[in-house]
Novice: 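My questions all concern the structure below.
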Amino acid sequence: MIIPWIPDLRVELAFRMDTLAAVLSILILGVGSLVLFYCARYFRPGDAQMGAFGSQLLAFAAAMFGLVTADDLILLFIFWEITTVLSYLLIGYSAHRLSARRAALQALIVTTFGGLTMLVGMVLIGDAAGTLRISEILAMAPQLLERGAVIDVAIALMLVGAVSKSALLPFHFWLPAAMAAPTPVSAYLHAAAMVKAGIYLVARLAPGFSESAYWHGVVLVLGLATMLLGGWRALRQYDLKLILAYGTVSQLGFLTLVVGLGNREAAVAGLGLLLAHGFFKATLFLVVGIVDHQAGTRDIRKLSGIHRSAPKLFIVALIGAASMAGIPPLLGFVAKESVYETFVHYAEKQGTAGAAVLLAGVVIGSILTFAYSARFVWGGFATKANCQPTAFKRVPWSFLAAPGVLAAVTVIFGLWPKPLDAAIASYADLYPADGDPTHLALWHGFTTALLLTVITIGAGVLLFLQRNRVEAVQARFTAPLDAERSYRGIIGVLDDVAVWVTGRTQRGSLMFYLFVILSVAVVTPLFALIVRDAPLPSEFHAFDSPLQPVIGVGIILGALAAVRANKRFLAVLMVSVTGYGIALIFALQGAPDLALTQMLVETIVLVAFVLALRSLPARLWQREPAGHRLLRALLGIAFGATMVMIAMTAMASRVAEPISLAFPNLAYEVGGGENIVNVTLVDVRAWDTFGELSVLAMAATGVASLIFIRGRGDKRRRAEGVATGSVDRGREHFASSGRQEATLALARKFSSVSRDAWLVAGRTLAPERRSIIFEVVTRLLFHSVILFSIYLLLAGHNMPGGGFAGGLMAGLALTIRYLAGGRFELAEASPVSAGLLLGGGLGVAGLSAAVPLAFGGQVLQSAIIKFTWPVFGEIKFVTSTIFDIGVYLVVVGLVLDVLRSLGSEIDERSEGVSSDDEETVVPEPDVASREEEEVAR
Amino acid sequence: MSINITFMVIMGALYACGIYLLLERSLTRVVLGLAMLANATNILLLSTGGFQGLAPLFNAGIAVEDYNDPLPQAFILTSIVISFSVTAFMLGIIYRSWVLSRQDEVQDDIEDRRVASQSSFDAEDDADVPEDTTEFTPPEEAEEAPGSLRATGQSTRPEAKE
Amino acid sequence: MNTISLAPLAVVLPFIGAALAFILIRHTRAQRVISISILSVTLILEVILLFSVWETGAQAVNVGGWLPPVGITMVVDQFSALMLVVSSAVSLAVLIYAAGQGMTDGDEDGPISIFHPTYLILVAGVSNAFLAGDLFNLYVGFEILLTASYVLMTLGGTTPRIRAGVTYVVVSVVSSLLFLITIAMIYAATGTVNMADLAVKLGDLDPGTQLMLHLMLLVAFGIKAAVFPLSFWLPDSYPTAPAPVTAVFAGLLTKVGVYAMVRTETLLFPGDRINSLLMVVAGLTMVVGILGALAQTDVKRMLSFTLVSHIGYMVFGLAVGSVVGIGSAVFYVAHHITVQTSLFLVTGLIERRGGTANMDRLGGLAKLSPLLAMLYFIPAINLGGIPPFSGFLGKLGLLEAGVDLGTPLAYLLVAASVLTSLLTLLVMARVWNRAFWRTPEDAVHPDPILLATGAGGSSLRNSGEVVETSSSRFAGRNANDLLPRTMVYPTVGLVALGVSLSVLAGPLFSLSDNAARDMLDRTPYIEAVLGEGAGQ
Amino acid sequence: MLVVLTVLFTVALVAPLMFRRIGRSAFYVLAAVPAAAFVWLLVTFPGTQVPTRRWPRALPTPRRP
């Protein structure tokens, strides 16, 4: 069944059910339903998290079922990672316990690490095979193996995923730690299902890829080592669940060993052992759950006499442990017998020392297994000498049902393994039939395998009886390398590296960031010019007109003076000197529009600077002058020089004619205007100007929001209510009987007139601030300047001018009135609030953009309308002028906003009469304390 | 396209002074630096137009090549307007920064320095965790979730303990 | 008048909306209605554009009727259409979230009245940047969204915002400056600024100048897209802004930079001259970014670092330069916009519910609000690359592209991307362990708001008791006010969009691969703009 | 096969609601779903069925559905 999901990455939802999948599904679904049944009795009724737990457990079963039936490598990986995430959630069920949280995170990270490595392997194989379908890949396995290194590495990477999932040696530590999970989770995930995913992957790949270079190295060595280590550690545990956990680690090593051997017998024996382990380990975990639930502890030094207080539980536990130990009538024995037979035949056939060591290792492992099974039964159920029998509540039937069924299955299939053997046989067909095929059977006759079993049981009993001496030996011999501590070490080192790297890169200082950015911006073009040769500039000319060098010298002097100035306003003046110099250069170069706009902008910027910085101290004092003075100078010079070199190279490498040659004719015929630059701005490239308007509007809003904080403060206060001469009264205190005092008193006497001759709100200003000449000049100039700005706007299409120049001119007019008459004069001069102006301008521009669409044209398309008026004669009106009006309004709005916020509002604040609730000026200590900053955020 | 040396010199000098001012601690000088860099870029744009030409006011007689290149002029106008609005905005920031903390300095980010100097001990990862051998709290203080933190058994799991 | 000439409306509509919002500055409710309706109409328009472009490939419209290369052209190809739709959907969700926050917190007359027009102009700027077929117009698009972001970044004018605002503004102005310088150089060298015209003319320049201009453009866009050496400014400035603003910044601004890099890499300067350099930069961005995230304790700063780190993935896809590589990068950009924004919105909710965004002081949120826990968990594992979500699919495509390339540097990058994915998962799981699983009592010094409703409030709806002892600014709010519906529903919508990306992965990937094929082929774009014969 | 998978996942999604309504015994309902899948597995895949008469011959590998 195949449903295509992402054809471009060859990923489909492909499923198939073959024997291997069916055998594992038995385990997953069977044990899954029993565990869920068991949970009904395990949890207390009122638990809030049970809902989430139940859904996660069932989702886990579904994910495992998907994993074993998936026929697409990536689909298998998807279910693989879903099981990882669900195991993270399940282990973290009792999240208030630090051990549970840490174990969950540890399991997640270790298994995801393995999973991601496997993903790389899968992508490599998918890329080499051309398909992601597992069955097809296995079919062409032999051809793939010839590809050599790539496939071997890919298979090795996939094995890393299997090793980490099935908790083999380097990654085994997460399984015992995961015992912090509720016991049903341990029973299902860490015994029957999740850890079997790795074994399933090995079993799936074994038929095709068991001959790949690293296969035997990884599978056999790690498997055997894990088996021995797991068994050895299990003998030292005092917690029943940890005995089983290390037992599982050992059995998983054993399983990987068998399944990964890669011949027909091993396949049969492996699957048999897989089923057997699934049944008996789940039984034992469920039994431990019951013991913990009824007795309240799992510590074998406290449990005593339970075999008498819960005989039925004892029998079930005995069956499970016996099957684990491989005692004859049970399924465990049947599986182990065929495993012994497999390894005996393997040793005979191979004849190498390695095969013999393998056999010996397996036997020793089985001996250890027998020993810790015995320890489990003795620890859990025997009556200990030195402690009184533990109180044990009666075990209700429904609680014991799940382990009971599993124990029964172990016994039935032990006595009658025929159906299992038939089921597994078809999986074994994937291997070439070499020699006598082995069967799962209770009795194989008197073979060396049987002899080995007898040895195993004998040595196991001996090991159990001498357990005190064994523990003494183990206590002395502590583990040289401990995986969990090394994992935590790695995470610790990772954190330290992270802090170190972040400390180096995130200095927090703007100067450092700019330094890095600018040096990268300087180095990369130089690198390009060095690596690849670029044309050397050939034609030069000193200057276009003799005046240019003179102005140039002026500009450079201004720039240097600005750098060295330590008075704030001196620096500002020097920068505006460079600005005006550039305006002159524009004029000389033949750009009247630019010169006009640059001059107006410089003026308004100068006014804005003075208005904003007047409340700051005069000196550009710094507590400690910015360091690295030389370094900054070097970077500046390097940047300047590089830019000059790049400009010259770029200009020298021009080959094609610039497109601007077409502009003059187009502007006149189609645009209908003689001023090419203005036509370009409002018609040909009107979309740029359209964008700029929003930049202007945003800047205006930004300034207003920074100063007014609570919104735009658009409320206008008219002049009537204000007492004459009350605004901005001089607070300088003169000498009481001095001359200034007298002149001030005289001026105040004359200022009582109700209506002012020159400016509407001139009277509101305190007498010592007013200058009659300035007011008279303002009165004369204001209206003519406004008229001139409207002229500039309308004539802009043919003569130098346009929306920007007009708007700036009108802005200057408002500035003059504000400077002459104070903030109430400004309020009188601007009938409309700045927000309205901005909105109106943007609206006019927006509509002039959208309306042409209605007439079938493109956005911002202009049309030329010719009509004749009686008085004015023939008039040619181009609709782009409407757009220009929008520009005009927005520019006036911006200047008004700057004046209102930087001018009037700061005036009010400095007079301390501000109506808005001024944010309390908190003198912030140098390093804001975290708490205060926390609240401020 | 022949290159005008004067423009190059002016541009280079403005860039150098602008960058020097930009890397300053005082906010006013940074803003002045930005304004100077914008002016330098305008000069660069002007020089890409090539030679000094007639003002771009169309009349039929003049050949197309004689005009000064109108396209860079449009770019320069846009650049002037944008640098004007950014300067205005920065003035607002300077005033606000002065009102809030009476200083005209570019302040460093304190969170960065705190992170760079934090200790590596993290309770969640490195705290010592007592071993517990059961999931169920004894009946008397059983709150609704089983297995609250109860250090009962002192089973020595050899490698878990630091 | 076919649909393509409606494309500029995607910019004009928000523009007119902003104008209306300016005029109605004092009626916040009207502003809210305008902005939400305008954004919805724009989203519908962009979806129509996406479907019309899906089959036919790149289409162009000349603004004002001026033929290229004189006039400005707006070009919509599959890549930009996808970007438009995803960014509009995300900005609509964030707008509703912010409006909801404004309503419940009741700061009607406060900065919220400036928020709506500024937000609309930000969206207009982003749409303009995606549509621009002209290099200078791309610069203006950048300027629009930057200036709007300056205002949003310093909204409310508190001390940390001003400090971060200065860093952000100065670095952004420097990046625009470098971009303008590069445009001047390109005009000096070729005499044109129309991108399609440039694609034709840049080829004739000699290699030295081409490489120089190419690198200068990438540096300018690299600052905006926060690529390794140029990305240190981002984690200092983004987290201090209000939650919805940070969400929009994280979702859109860096992606505009990445979009511009993809355009220059494929259209203007084809060929793999600097692919190995891009690979190295991508690797460093990933690793240094995620190491930064590991070191943080504040969730918003941590997410800013993961944002920087995952830009490395997109640059990796770009550096591979194959159809699968760029296709996966396109898909990854769409995925990352959605997931990163939804994570920032959820962090905003965490900040309201837990009183702080600092991981050490949080705890027990899973019990306090299971809905919030789920809202965090899904995008978190999505970002961490857990299948079946879109994060994994994007990374899978990138791995396949890297493996197809097969050079040792590509394998190194594959290893780096896998490591970064693992560390991202570690970072996200750490937040989950501390903020959601840990009991409030275990937190370092938990916010009283956590302890107060600890026992009672288990779910969003029924916990109504008043929180009185909270030090954070949400004192005196009952739990319903802490997570109001108008803020939770857009977050749920965005998370659902993230999940739907994996359900629709098939068609989305075919769209991305078509976009990549057309971009690498270059002629569809050039012919759409300059007419048939132009593409060589 | 896909049907079994979707059934399992949907019941898992619905499970929290069941628990809220009928509490602990919802586990029995949850246990029933994999049990049903187990039975379905035995029925549809003869390879694993308990053979009656003809088990001596090697059983054919089941066709892929």
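In what follows, chains carry the letters A, B, and so on, assigned in the order in which the sequence lines appear, proteins first and then strands, with residues in each chain numbered from 1. Quantities reported herein were computed from a predicted structural model and do not represent experimental measurements.
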Novice: Without hydrogens or angle criteria, can the side chains of B:E111 and A:Q506 be said to hold a donor-acceptor pair below 3.5 Å?
Specialist: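 The criterion, which ignores hydrogens and geometry beyond distance, is not satisfied for A:Q506 and B:E111.
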Novice: Heavy-atom distances under 4.5 Å only: say whether A:R685 touches chain B with side chain, backbone, both or neither.
Specialist: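 Looking at A:R685, just its side chain touches chain B.
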Novice: With chain B, which of A:T680, A:N798, A:L661 has the greatest number of heavy-atom pairs at distances under 4.5 Å?
Specialist: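 Option with the top pair count is A:L661.
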Novice: What part of A:F540 gets within 4.5 angstrom of chain B, counting heavy atoms only: side chain, backbone, both, or neither?
Specialist: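 For A:F540, heavy atoms of backbone and side chain both lie under 4.5 Å from chain B.
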Novice: For A:A571 versus B:L32, what's the shortest heavy-atom pair and its separation?
Specialist: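 Nearest heavy atoms, A:A571 then B:L32: CB-CD1, 3.6 Å.
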Novice: To the nearest 0.5 Å, tell me how far B:T48 OG1 sits from B:I3 CD1.
Specialist: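 The distance works out to 12.0 Å.
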Novice: Does any backbone or side-chain atom of B:I43 lie under 4.5 Å from a heavy atom of chain A? Answer side chain, backbone, both or neither.
Specialist: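 The side chain, not the backbone.
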Novice: Between A:L560, A:I491, A:I585, A:L616, which shows the greatest number of heavy-atom pairs under 4.5 Å with chain B?
Specialist: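 Ranked by contacts with chain B, first place is A:L616.
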Novice: Decide yes or no for A:L518 and B:L22: does some side-chain heavy atom of the first lie under 4.5 Å from some side-chain heavy atom of the second?
Specialist: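 In contact.
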Novice: Kindly determine whether A:R507 and A:F515 satisfy side-chain contact (heavy atoms from CB on, under 4.5 Å), including the steps that lead there.
Specialist: CA-CA 12 Å; A:R507 292 280 173 73; A:F515 213 88; over 6 Å; no
Novice: Angle class for the B:Y15/A:F639 ring planes (parallel below 30°, perpendicular above 60°, tilted otherwise)?
Specialist: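 It falls in the perpendicular class, over 60°.
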Novice: Given a strict heavy-atom distance threshold of 4.5 Å, which part of A:E692 is in contact with chain B: side chain, backbone, both, or neither?
Specialist: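 The answer is the side chain of A:E692.
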Novice: At a 4.5 Å cut-off on heavy atoms, which part of B:Y20 comes close to chain A: side chain, backbone, both, or neither?
Specialist: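 Contact with chain A involves both backbone and side-chain atoms of B:Y20.
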Novice: Please step through side-chain contact (heavy atoms from CB on, under 4.5 Å) for the pair A:M574 and A:V563, ending with a clear verdict.
Specialist: CA-CA 9 Å; A:M574 284 306 120; A:V563 165; over 6 Å; no
Novice: Can you tell which part of B:D109 gets under 4.5 Å to a heavy atom of chain A, answering side chain, backbone, both or neither?
Specialist: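 B:D109 touches chain A through backbone and side-chain heavy atoms alike.
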Novice: To the nearest 0.5 Å, how far apart are CG in B:N68 and CZ in A:F586?
Specialist: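 Here the rounded value is 10.5 Å.
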Novice: What part of B:I62 lies closer than 4.5 angstrom to a heavy atom of chain A: side chain, backbone, both or neither?
Specialist: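 Contact with chain A is absent: no heavy atom of B:I62 under 4.5 Å.
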Novice: So which part of A:L514 gets closer than 4.5 Å to some heavy atom of chain B, the side chain, the backbone, both or neither?
Specialist: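 Both parts, backbone and side chain.
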Novice: For the atom pair OG (B:S97) and CD (B:Q107), what is the distance rounded to the nearest 0.5 Å?
Specialist: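 The CD atom of B:Q107 is 5.5 Å from OG of B:S97, to the nearest 0.5 Å.
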Novice: Return the option, out of B:L57, B:L91, B:N4, B:V30, with the maximum number of heavy-atom pairs under 4.5 Å with chain A.
Specialist: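 The candidate making the most pairs under 4.5 Å is B:N4.
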Novice: Establish, from distance only, whether the side-chain atoms of B:N42 and B:S79 form a donor-acceptor pair under 3.5 Å.
Specialist: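 Note: B:N42 and B:S79 side chains meet the donor-acceptor criterion.
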Novice: Tell me, for B:A55 versus chain A, whether the close heavy atoms (under 4.5 Å) come from the side chain, the backbone, both or neither.
Specialist: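 Answer is both: backbone and side chain atoms of B:A55 are under 4.5 Å from chain A.
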Novice: Check whether B:S83 gets within reach of chain A through its side chain, its backbone, both or neither, counting any heavy atom under 4.5 Å.
Specialist: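 Nothing of B:S83, per the 4.5 Å heavy-atom cut-off to chain A.
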Novice: Of the listed residues (B:V64, B:I80, B:L77, B:I10), which shares the most heavy-atom pairs with chain A below a 4.5 Å separation?
Specialist: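 Answer, by heavy-atom pair count under 4.5 Å with chain A: B:L77.
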Novice: Heavy-atom pairs under 4.5 Å with chain A: which of B:I82, B:L71, B:V115 has the most?
Specialist: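 Ranked by contacts with chain A, first place is B:L71.
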Novice: Where does A:V684 contact chain B at under 4.5 Å (heavy atoms): side chain, backbone, both or neither?
Specialist: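 Contact with chain B is absent: no heavy atom of A:V684 under 4.5 Å.
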Novice: Determine whether the side chains of A:D299 and A:T297 contain a donor N or O and an acceptor N or O closer than 3.5 Å.
Specialist: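 No, A:T297 and A:D299 have no side-chain donor paired with an acceptor closer than 3.5 Å.
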Novice: Select one option (side chain, backbone, both, neither) describing which atoms of A:V644 are under 4.5 Å from chain B's heavy atoms.
Specialist: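 When you check distances to chain B, atoms from both the backbone and side chain of A:V644 fall under 4.5 Å.
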Novice: Non-hydrogen atoms of chain B under 4.5 Å away: do they reach the side chain of A:D495, the backbone, both or neither?
Specialist: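 Contact with chain B: side chain only.
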Novice: Checking heavy atoms, do the side chain of A:A633, its backbone, both or neither come under 4.5 Å from chain B?
Specialist: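 Its backbone and side chain both get close to chain B.
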Novice: Grab the two heavy atoms, one from B:Y67 and one from B:P56, that are nearest each other, plus how far apart they are.
Specialist: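 Closest approach of B:Y67 to B:P56, heavy atoms only: CD2-CA, 3.9 Å.
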Novice: Between the side chains of A:D688 and B:T78, is a donor N or O closer than 3.5 angstrom to an acceptor N or O?
Specialist: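 Judged by distance alone, the side chains do not pair up.
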Novice: Taking every non-hydrogen pair under 4.5 Å, which of A:R654, A:Q548, A:M698 racks up the most with chain B?
Specialist: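 Greatest number of close heavy-atom pairs with chain B: A:Q548.
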Novice: Hey, are B:D108 and A:S509 close enough side-chain-wise for a donor-acceptor pair under 3.5 Å?
Specialist: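 The answer is no; no qualifying pair exists.
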Novice: For A:T183, is it the side chain, the backbone, both, or neither that has a heavy atom closer than 4.5 Å to a heavy atom of chain B?
Specialist: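 Contact with chain B is through both the backbone and side chain of A:T183.
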Novice: With chain B, which of A:A662, A:A100, A:A638, A:A542 has the greatest number of heavy-atom pairs at distances under 4.5 Å?
Specialist: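 With the most close heavy-atom pairs to chain B, the winner is A:A542.
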Novice: Might you point out which heavy atoms bring A:Q598 and A:G579 nearest each other, and give the distance in Å?
Specialist: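 Closest pair (atom of A:Q598, atom of A:G579, distance): NE2-O, 3.2 Å.
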Novice: For A:S545, is it the side chain, the backbone, both or neither that has a heavy atom under 4.5 Å from a heavy atom of chain B?
Specialist: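 Both the backbone and the side chain of A:S545 come within 4.5 Å of chain B.
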Novice: What residue, out of A:D593, A:T597, A:L902, has the most heavy-atom pairs lying under 4.5 Å from chain B?
Specialist: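 The residue among A:D593, A:T597, A:L902 with the greatest pair count is A:T597.
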Novice: Given that the side chain runs from C-beta out, which part of B:L21 has a heavy atom under 4.5 Å from chain A: side chain, backbone, both or neither?
Specialist: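 B:L21 touches chain A through side-chain heavy atoms alone.
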Novice: Counting heavy-atom pairs under 4.5 Å with chain B, which one of A:G636, A:G508, A:G640 comes out on top?
Specialist: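 Option with the greatest count: A:G508.
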Novice: With only heavy atoms counted, which part of A:D292 is less than 4.5 Å from chain B, the side chain, the backbone, both or neither?
Specialist: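 The answer is both parts of A:D292.
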Novice: Between the side chains of A:R97 and A:S94, does any donor sit under 3.5 Å from an acceptor?
Specialist: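 A:R97 vs A:S94: donor-acceptor pair found between side chains.
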Novice: Looking at A:V898 and B:A88, what are the two nearest heavy atoms and their distance?
Specialist: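 Between these two residues, the closest heavy atoms are CG2-CB, 4.2 Å.
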Novice: By a 4.5 Å heavy-atom criterion (distance strictly below it), what part of A:F663 contacts chain B: side chain, backbone, both, or neither?
Specialist: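 For A:F663, the contact with chain B is made by the side chain alone.
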Novice: Quick check on A:I551 against chain B: is it the side chain, the backbone, both or neither that has a heavy atom closer than 4.5 Å?
Specialist: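 Neither part, no heavy atoms under 4.5 Å.
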